[in-house]
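The structure appears right after this line, and notes come after that.
Whatever order the structure lists them in is the order used to number ligands and atoms, beginning at 1. Both backbone and side-chain heavy atoms feed into the values below; hydrogens, waters and symmetry mates do not.
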Amino acid sequence: MSALLSVQGLTAGYGGVPIIEDIDLDVAEHEIAVIIGPNGAGKSTLLKTVFALTSRISGSVKFIDRDITALKTAQLVPLGISAVPQSRNVFPTLSVDENLDVGTYAAPPGDKQAVRETVLELFPDLKDKLDQPAGELSGGQRQMVAMGRALMSEPKLLLLDEPTAGLSPAYLEIIFDLLLDIRKRGVTILMVEQNAKQALRIADTGHVLVSGKNFVSGTGEALLADDAVRRSFLGGAAT
Ligand SMILES: Nc1ncnc2c1ncn2[C@@H]1O[C@H](COP(=O)(O)OP(=O)(O)O)[C@@H](O)[C@H]1O
Ligand SMILES: [Mg+2]
């Protein structure tokens, strides 16, 4: 099966200085793919590069067999790619409803009300907070707003950078369950996650990024069972 997203030989960084080097990575349709690795490994840079937010030095990115390497972020959203950045991912003074609406600007869905209903079914907690400024919500609820906004353009591929950062363990479970629900609705997910063990448990595939290079890729299960991965990136103990 051909990949939904195919990254080949990608080298990119900031101001011409490479941070990630020669990355190959395929994401199959309908999978949850997780990128793990130490702080500063270039995980966010990789996601940002797929979303055309860094300077690419070499390599290519294909999405549904189309070369999107040279496209700009605003062109990627209508093609079906949406992203939630690592932090500051809501407009704090806008209401929850207005935040969701912002998600439709770059790629207006055919039936905005229907998409909004679907998003609120996924995140029922937001239903009675629609008129509240997003900045007043808890961290977990803000993450739901950010994910909801990203889903308003009906993406085929959702890029998520540390969706559980700073959340309590209870919220972590909720967000991971939501990711499974989102996938069930036909959305493919490529995410970066610090909670590596939990993330690999829900992931179809995992990629370990170290010093800007792809150290190893495999199924979530295989990486959880891999001694070297466990010792270096999963805190050692067997799961
Ligand atoms: N906007 C930027 N400008 C210059 N360097 C950056 C920028 N963002 C990140 N970096 C550098 O790129 C490296 C990788 O960062 P990042 O991709 O954020 O790592 P990770 O997400 O794995 O923690 C770090 O050395 C960081 O300092
Ligand atoms: Mg990061």
(message) If you scan the protein for heavy atoms around atom 3 (N) of ligand 1, do you find one that is closer than 4.0 Å?
(response) yes
(request) Inspect the surroundings of CD in Gln75 and state if more than 12 heavy atoms from other residues, nucleotides or ligands are less than 6.0 Å away. (result) yes
(request) Identify whether the distance between the nearest side-chain nitrogen and carboxylate oxygen of Arg116 and Asp101 falls below 4.0 Å. (result) no
(request) Please name the pair of heavy atoms, one in Val145 and one in Leu100, separated by the smallest distance, quoted to 0.1 Å. (result) O-CD2, 4.1 Å
(request) Report the nearest protein non-hydrogen atom to atom 18 (O) of ligand 1: residue, atom name, distance rounded to 0.1 Å. (result) Ser44 CB, 3.6 Å
(message) Using a 3.5 Å cut-off on N or O atoms only, is Gln86 in polar contact with ligand 1?
(response) no
(request) Output the list of atoms in ligand 1 that are nearer than 4.0 Å to some heavy atom of Asn39, sorted by atom number. (result) 23 (O)
(message) If the threshold is 4.0 Å, N to carboxylate O, is there a salt bridge linking Asp161 and Lys48?
(response) no
(message) Within this structure, what is the CG-CG distance for the pair Leu234 and Leu200, rounded to the nearest 0.5 Å?
(response) 6.0 Å
(request) Can you pull out the closest protein heavy atom to atom 13 (C) of ligand 1? Residue, atom name and distance to 0.1 Å, please. (result) Ile19 CG2, 3.6 Å
(request) Please confirm if an N, O or S atom belonging to Gln86, backbone or side chain, lies less than 2.8 Å from the Mg ion (ligand 2). (result) yes
(message) To check your reading of the model: name the closest protein heavy atom to atom 5 (N) of ligand 1, its residue, and the distance in Å.
(response) Tyr14 CD1, 3.4 Å
(request) Flag atom 26 (C) of ligand 1 as yes if some protein heavy-atom distance to it falls below 4.0 Å, otherwise no. (result) no
(message) Closer than 2.8 Å to the Mg ion (ligand 2): does that hold for any N, O or S atom in Ser44?
(response) yes
(request) Using only heavy-atom distances, determine whether the side chains of Asp26 and Ser6 contain a donor-acceptor pair under 3.5 Å. (result) yes
(request) Could you tell me which non-hydrogen atom of Ala199 sits nearest to which non-hydrogen atom of Glu193, and how far apart they are? (result) CB-CG, 3.4 Å
(request) Provide, to 0.1 Å, the distance between atom 15 (O) of ligand 1 and the closest protein heavy atom, together with that atom's residue and name. (result) Thr45 OG1, 3.9 Å
(message) Polar contacts were defined as any N/O atom of the residue lying under 3.5 Å from an N/O atom of the ligand; does this apply to Gly40 and ligand 1?
(response) yes
(request) With rounding to the nearest 0.5 Å, note down the distance linking CD in Glu121 to NZ in Lys127. (result) 6.5 Å
(message) Quick check on contacts: which atoms of ligand 1 are under 4.0 angstrom from a heavy atom of Pro38?
(response) 22 (O)
(request) Can you measure from CE (Met191) to OG1 (Thr164) and round to the nearest 0.5 angstrom? (result) 6.5 Å
(request) Report yes or no: does a heavy atom of Gly42 sit under 4.0 Å from some atom of ligand 1? (result) yes
